[in-house]
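Chain identifiers are assigned alphabetically (A, B, ...) following the order of the sequence lines, protein sequences preceding nucleic acid strands; residue numbering begins at 1 within each chain.
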Protein chains: 2
Amino acid sequence: MLTDPATLAIVDDHPIVLEGLQKLLNNVKSIQITGCFTSGMTFMSFLKENKVDVLLLDITLPDANGIELCREVKAISPETHVLALSNHSERSMILQMIQNGATGYLLKNISSEELVACIQEALNGMITFSRGAKEIMARPSISELKGIPQLTKREKEILQLIADGKTTPDIAQQLNLSPLTVETHRKNLIQKFQVRNVAALIKIAAQQGLL
Amino acid sequence: MLTDPATLAIVDDHPIVLEGLQKLLNNVKSIQITGCFTSGMTFMSFLKENKVDVLLLDITLPDANGIELCREVKAISPETHVLALSNHSERSMILQMIQNGATGYLLKNISSEELVACIQEALNGMITFSRGAKEIMARPSISELKGIPQLTKREKEILQLIADGKTTPDIAQQLNLSPLTVETHRKNLIQKFQVRNVAALIKIAAQQGLL
DNA sequence: TTATTTCTACCTGTTTTCAGGTATTTTTGC
DNA sequence: GCAAAAATACCTGAAAACAGGTAGAAATAA
């Protein structure tokens with residue numbers, strides 16, 4: 001099959017890494033490196049003028065954080081596949097990147113063959129992880145999962161409404177309850193989650209996937 | 001290599017699906033089906049007595065929702081790999097399942113060979129997706145990404161503190177600012193996100209991966 | 001049928017949040 | 001250097017949230 005090679009850009013603040021990746025990927029015919037950048041800003045201005053099929057993004061940058069940069073990239077150019085390239089091996093970080101539009105996550109200890117395979121998979125429109133990242137994703141930390149208080153049906157219901165920005169009077173009316181009752185439930189929620197106010201409550205609930 | 005076959009359980013409220021999967025997987029020597037259940041409750045009591053290496057979990061159940069069930073399973077038995085099996089093809093749903101401890105997500109249109117391969121990958125301690133799920137994950141909805149207001153450094157900082165349950169006086173003290181200033185930032189955050197109160201603010205921020 | 005949990009509702013008083021502004025001083029980008 | 005953006009700070013008053021209780025009715029499980 002003869003098609004145009006895919007365009008690839010790299011953002012990494014270590015010039016050594018940049019060179020290494022360049023050398024490595026230059027041998028791959030299906031990929032054409034069209035840009036290397038050491039900061040998020042310079043890449044963003046490049047992206048506005050040029051098509052980029054795949055971006056290898058080191059998420060630890062001096063000027064901006066990788067998560068936001070990833071989102072900005074996808075906002076401007078949804079068809080660009082962002083592959084995070086990082087030493088961060090926390091599951092939550094990987095999840096955040098994916099949540100913010102990354103097509104994959106590669107740990108920096110990745111082998112060159114694996115790297116090419118992952119880029120190829122991204123080009124085919126599939127999410128992809130390096131071996132190490134796959135293993136991390138399969139091992140959720142126990143603390144992430146437990147420690148979720150047992151909520152009653154009513155409490156879950158009210159939690160949702162609170163998260164939607166409804167006030168106590170709103171909720172009371174919607175559920176045909178006394179505002180005082182709603183207040184009680186709200187109080188119980190705060191107590192069960194051991195927090196001071198709804199802000200912290202909603203944060204935990206959201207992070208636990210309850211919303 | 002001769003090792004004990006891996007134990008596998010299935011939870012699905014459609015008996016037909018249950019039978020189909022059973023028949024399909026009975027031919028696979030490395031896998032032994034040790035239980036089939038049509039409700040979350042019955043499976044949970046089974047799990048307390050028996051080791052389960054892999055659980056195929058239909059996330060649309062009558063009695064409990066799959067997300068919570070998944071978390072409960074992992075809380076009791078972290079070594080059990082939960083593979084969600086579902087028709088739901090929303091990216092957010094897949095993400096939620098992963099966030100809640102699932103080792104993988106399989107769309108129900110999966111082929112039998114792929115199913116076996118995915119189970120194998122889960123047994124090897126790797127996250128795994130069916131082909132369709134991989135494609136969905138690589139295509140974040142634009143609406144998910146954009147529409148995030150531009151926040152200043154200070155606003156981000158204060159947003160974090162609010163999410164941690166800090167009150168305006170707390171934040172003012174911590175940042176050496178007037179409480180009135182903090183109030184202004186708080187107000188601007190609420191306005192930028194177009195919400196009524198912090199509850200809704202934190203929910204959106206969390207869902208956008210800003211926290 | 002009990003025991004337990006859940007849901008309901010109430011009270012008081014304090015603190016915090018929110019809505020509606022205005023306005024000066026720094027930073028930052030061009 | 002200048003314009004724009006960001007950060008700072010202020011004011012008032014109303015609404016909502018929070019702390020710290022108590023307590024009866026209804027549903028559920030043992």
Side-chain angles (χ1 to χ4, degrees), chain A residues 39-45 48 62-64 68 72 148-205, chain B residues 39-42 44-45 48 62-64 68 148-205:
Chain A
S39 78
M41 258 190 29
T42 50
F43 171 70
M44 285 307 286
S45 49
K48 277 162 196 160
D63 65 330
E68 278 174 52
E72 283 170 39
I148 292 103
Q150 190 81 9
L151 299 186
T152 68
K153 206 181 284 180
R154 229 358 168 206
E155 283 166 350
K156 282 179 205 162
E157 202 176 2
I158 288 175
L159 177 58
Q160 292 294 339
L161 294 171
I162 293 173
D164 287 340
K166 303 274 170 68
T167 66
T168 295
D170 289 345
I171 297 168
Q173 188 169 36
Q174 186 169 338
L175 301 182
N176 275 318
L177 293 174
S178 158
L180 298 163
T181 303
V182 178
E183 272 287 311
T184 302
H185 285 304
R186 177 194 286 268
K187 221 166 0 184
N188 290 337
L189 281 166
I190 285 175
Q191 202 168 35
K192 283 192 180 181
F193 279 88
Q194 308 217 61
V195 291
R196 293 176 60 184
N197 50 36
V198 279
L201 172 70
I202 300 299
K203 178 189 161 198
I204 295 182
Chain B
S39 80
M41 257 192 29
T42 50
M44 286 307 285
S45 49
K48 278 162 194 159
D63 65 331
E68 279 175 50
I148 292 105
Q150 189 83 6
L151 299 188
T152 68
K153 207 180 283 180
R154 236 343 173 215
E155 284 167 349
K156 281 178 206 160
E157 203 176 3
I158 288 174
L159 177 59
Q160 291 294 339
L161 294 171
I162 293 173
D164 287 340
K166 303 273 170 66
T167 66
T168 294
D170 289 346
I171 297 169
Q173 188 169 35
Q174 186 170 338
L175 301 181
N176 275 319
L177 293 174
S178 156
L180 296 164
T181 303
V182 178
E183 272 289 308
T184 301
H185 286 304
R186 177 195 288 268
K187 223 167 358 183
N188 289 337
L189 280 166
I190 285 176
Q191 201 167 35
K192 283 192 179 181
F193 279 88
Q194 309 216 64
V195 291
R196 292 176 62 184
N197 51 36
V198 280
L201 172 69
I202 299 298
K203 177 190 162 196
I204 295 181

Apply the test side chain to side chain donor-acceptor pair (under 3.5 Å) to residues B/Thr184 and B/Thr181: give CA-CA distance (whole Å), side-chain angles for both, the deciding distance (0.1 Å), then the verdict. CA-CA 5 Å; B/Thr184 301; B/Thr181 303; 5.8 Å; no

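- For D/dT8, one of the phosphate oxygens OP1 or OP2 lies less than 4.0 angstrom from a side-chain nitrogen or oxygen of B/His185.
- OP1 and OP2 of D/dA16 both lie 4.0 Å or more from every side-chain N or O belonging to A/Thr168.
- Counting only distance, with no hydrogens or angles, the side chain of B/Asp170 and the backbone of B/Gln173 share no donor-acceptor pair below 3.5 Å.
- Here D/dA14 presents its P atom at 21 Å from CG of B/Asn197, a figure rounded to the nearest Å.
- Look at B/Arg196 and A/Asp164 and you find no salt bridge, because none of the NZ, NE, NH1 or NH2 atoms lies under 4.0 Å from a carboxylate O.
- The distance between atom CG of B/Leu175 and atom P of D/dT8, rounded to the nearest whole Å, is 8 Å.
- Atoms CG (B/Leu159) and P (D/dA6) sit 16 Å apart, rounded to a whole Å.
- Remark: A/Thr181 is in phosphate contact with C/dA9, judged by side-chain N or O atoms under 4.0 Å from OP1 or OP2.
- B/Lys153 comes within 4.0 angstrom of sugar-phosphate atoms only, judged by non-hydrogen atoms across all strands, and of no base.
- With C/dC11, C/dT16, D/dA9 as the choices, the nucleotide that has an atom nearest any side-chain atom of B/Thr167 turns out to be C/dT16.
- On a pure distance criterion of 3.5 Å, a polar donor-acceptor pair joins the side chain of A/Thr184 and the base of C/dC10.
- Rounded to whole Å, atom P of D/dA17 lies 9 Å from atom CD1 of A/Ile190.
- Rounded to a whole Å, the CD atom of A/Gln191 is 9 Å from the P atom of D/dG20.
- Distances were taken from every side-chain heavy atom of B/Lys187 (C-beta onward) to each of C/dG21, D/dA9, D/dC18; the shortest belongs to C/dG21.
- Not a single donor-acceptor pair under 3.5 Å links the side chain of B/Asn188 to the backbone N or O of B/His185.
- At the heavy-atom level, A/Thr152 lies under 4.0 Å from the strands shown only through sugar-phosphate atoms.
- Distance, A/Lys156 NZ to C/dC7 P: 10 Å, rounded to whole Å.
- In this structure, the CG atom of A/Asn188 is 12 Å from the P atom of C/dT8, given to the nearest Å.
- One atom, CZ of B/Arg186, and another, P of C/dA19, lie 11 Å apart when rounded to the nearest Å.
- Residue order along DNA chain D, read from the 5' end via each residue's closest nucleotide, puts B/Leu151 first among A/Glu183 and B/Leu151.
- Heavy-atom distances to DNA chain D give each of B/Arg154 and A/Asp170 a nearest nucleotide, and the one nearer the 5′ end belongs to B/Arg154.
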Begin from the C-alpha positions of A/Glu68 and B/Lys156 and carry the test salt bridge (charged side-chain N to carboxylate O under 4.0 Å, His left out) through to its verdict. CA-CA 12 Å; A/Glu68 278 174 52; B/Lys156 281 178 206 160; 3.0 Å; yes

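- For A/Ser178, the listed nucleotide lying nearest its side chain is C/dC10; candidates were C/dC10, D/dA9, D/dT8.
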